[in-house]
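Just below is one structure, and these are the notes that go with it.
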Number of protein chains: 2
Amino acid sequence: MQAKEAAQRLGITQRMLRHYEKAGLMKVRRSENGYRIYSEADLRRAERIYDFIVTGFSTREIRTMAACLSDEGAGPCEGGIEKLSQKLVHIDRLRSDLDSRREAIVDRLATLRAALSNHLEESEPYHAALDISASEVPPRGRRPNPAGVNSNAARR
Amino acid sequence: MQAKEAAQRLGITQRMLRHYEKAGLMKVRRSENGYRIYSEADLRRAERIYDFIVTGFSTREIRTMAACLSDEGAGPCEGGIEKLSQKLVHIDRLRSDLDSRREAIVDRLATLRAALSNHLEESEPYHAALDISASEVPPRGRRPNPAGVNSNAARR
DNA sequence: CAGAACACCAACACATATGTCAGGGTTCAA
DNA sequence: TTGAACCCTGACATATGTGTTGGTGTTCTG
């Protein structure tokens with residue numbers, strides 16, 4: 001299919017698809033006239049790229065885990081045990097990154113949901129979000145990870 | 001506590017803390033001399049802000065769900081919940097993708113290892129292959145110009 | 001007091017993701 | 001043939017997150 005349809009099916013813009021290509025994250029076949037021809041596999045790949053980006057990864061980072069983008073995980077890894085192992089390392093690191101991000105979000109969600117249902121019963125007037133009354137409220141929700149050991153910042 | 005300590009405890013820079021403040025995501029008390037004084041609550045809030053950002057939200061979006069930042073998640077946080085849920089869709093999609101891929105690779109690895117050790121009695125010499133060589137990805141933001149070459153003059 | 005160690009702020013530099021527009025082809029139907 | 005509807009590339013524009021720098025006030029300590 002060509003650009004417009006591909007973009008529509010993914011719910012993103014053609015511009016973004018072109019961007020991924022230019023960033024070296026995917027290669028798209030062209031027809032004689034130079035038009036891009038997207039395959040289903042291309043769509044799948046593009047969607048993964050998009051998911052990565054929307055989740056906070058940059059194309060630069062994504063490029064380092066290119067093998068995670070193709071449909072067959074074992075494919076690009078035929079180079080041998082060493083390469084496979086390396087891929088494994090990358091994928092595991094990615095996974096743990098995603099895990100922490102997901103965990104944080106899930107926690108946050110749970111806390112918010114609880115607070116919300118609580119709020120419905122209490123019906124207390126809400127005070128501005130920026131009102132931090134400086135009171136040292138005991139840890140309440142989202143507390144694992146006491147000292148910003150943030151898998152993403154200081155891990156260098 | 002003041003800026004330096006706060007930043008260290010969160011594992012981020014003072015610059016980022018200032019940025020969150022300027023973006024209207026938090027306000028920090030000041031002492032007479034104008035120095036910022038961070039409370040524990042401030043730290044918690046800043047950490048959440050950081051988590052959101054690292055997960056792909058912009059300060060603009062985060063401002064929209066300011067209620068999700070305070071310790072008491074009561075207020076009108078519905079929008080936040082929805083956005084977080086949306087984010088979860090992407091993350092979970094990636095996770096499941098990665099899971100299957102990882103499985104395939106592990107299998108393949110096992111197979112190759114078996115075949116290998118079957119072929120030669122000594123299955124020791126390549127352990128180094130499993131080392132994490134860490135292909136580091138440079139952080140965002142300004143980078144020192146490698147050679148004082150102004151590669152793009154008229155752009156501002 | 002001098003100097004180190006911090007703090008503050010503004011402004012500029014960069015990378016990245018996207019939007020948008022310009023100048024130009026290609027296809028196809030009326 | 002003409003026009004609509006697509007496609008392409010490239011360049012410029014904007015929003016964001018951070019790093020970096022420079023100028024300057026404040027605090028603490030020898």
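Numbered from 1 within each chain, the chains take letters A, B, ... in sequence-line order. All heavy atoms count here, side chains included; hydrogens, waters and symmetry mates do not.
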OP1 or OP2 of [N] under 4.0 Å from side-chain N/O of [X]:
X	N	answer
A/Asn33	D/dC8	no
B/Lys22	D/dG17	no
B/Arg36	C/dC8	yes
B/Arg63	D/dT16	no
B/His19	D/dG17	yes

Kindly point out which of [options] is positioned nearest to the side chain of [X]?
X	options	result
B/Ser58	D/dT9, D/dT18, D/dT16	D/dT16
B/Ala3	C/dC8, D/dC12, D/dT18	C/dC8
B/Met16	C/dA17, D/dT18, D/dC6	D/dT18
A/Thr13	C/dG19, D/dG19, C/dT18	C/dG19

Value in whole Å for how far the [atom2] atom of [N] lies from [atom1] of [X]:
X	N	atom1	atom2	answer
B/Ile53	C/dA17	CD1	C1'	16 Å
A/Ile37	C/dT26	CD1	C1'	14 Å
B/Gln8	C/dA7	CD	C1'	14 Å
B/Glu21	C/dC8	CD	C1'	11 Å
B/Arg15	D/dT16	CZ	P	14 Å
B/Gln2	C/dA5	CD	P	15 Å
B/Leu25	D/dG17	CG	C1'	12 Å
A/Tyr38	D/dC7	OH	C1'	10 Å

For this session: Have a look at B/Arg60 and say if it touches a base, only the backbone sugar-phosphate, or nothing, with a 4.0 Å heavy-atom cut-off.
Result: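 Here B/Arg60 touches the backbone only, sparing every base.
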For this session: Assign B/Tyr20 to base, sugar-phosphate, or nothing according to its heavy-atom contacts below 4.0 angstrom with the strands shown.
Result: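 B/Tyr20: backbone/sugar contact only, no base atoms under 4.0 Å.
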For this session: Please check if the side chain of B/Glu5 supplies one atom and the backbone of B/Gln2 the other of a donor-acceptor pair under 3.5 Å.
Result: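 Flag not set: sc B/Glu5 to bb B/Gln2 has no pair under 3.5 Å.
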Exercise. Atom CD1 of A/Ile62 and atom CG of A/Leu69: how far apart are they, to the nearest 0.5 Å?
Worked result: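 One finds 7.0 Å between CD1 of A/Ile62 and CG of A/Leu69.
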For this session: Output, in order, the C-alpha distance, side-chain angles, deciding distance and verdict of ring pair (Phe, Tyr, Trp, His ring centres under 6.0 Å) for A/Phe52 and B/His90.
Result: CA-CA 8 Å; A/Phe52 272 117; B/His90 292 127; over 10 Å; no
Problem set entry | Most 5' of A/Gln14 and B/Phe57 on DNA chain D, judged by nearest nucleotide |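 Counting from the 5' end, the first nearest nucleotide belongs to A/Gln14.
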Exercise. For DNA chain D, whose closest nucleotide is more 5', that of B/Arg18 or that of B/Thr59?
Worked result: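 Nearest-nucleotide comparison on DNA chain D picks B/Thr59.
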For this session: Go through B/Thr59 and B/His19 one step at a time and tell me if the side-chain contact (heavy atoms from CB on, under 4.5 Å) criterion holds.
Result: CA-CA 9 Å; B/Thr59 51; B/His19 180 56; 4.2 Å; yes
Problem set entry | From CA spacing to verdict: salt bridge (charged side-chain N to carboxylate O under 4.0 Å, His left out), A/Glu40, A/Arg9 | CA-CA 11 Å; A/Glu40 292 298 323; A/Arg9 281 190 40 190; 2.9 Å; yes
For this session: Kindly say whether, by distance alone, the side chain of B/Tyr35 makes a donor-acceptor pair under 3.5 Å with the base of D/dG25?
Result: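 Looking at the base of D/dG25, it does pair with a donor or acceptor on the side chain of B/Tyr35 (distance under 3.5 Å).
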Exercise. When A/Glu21 is tested against each of A/Lys27, A/Arg30, A/Arg29 for salt bridge (Lys or Arg N to Asp or Glu O under 4.0 Å), which residue passes?
Worked result: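 Passing option: A/Arg30.
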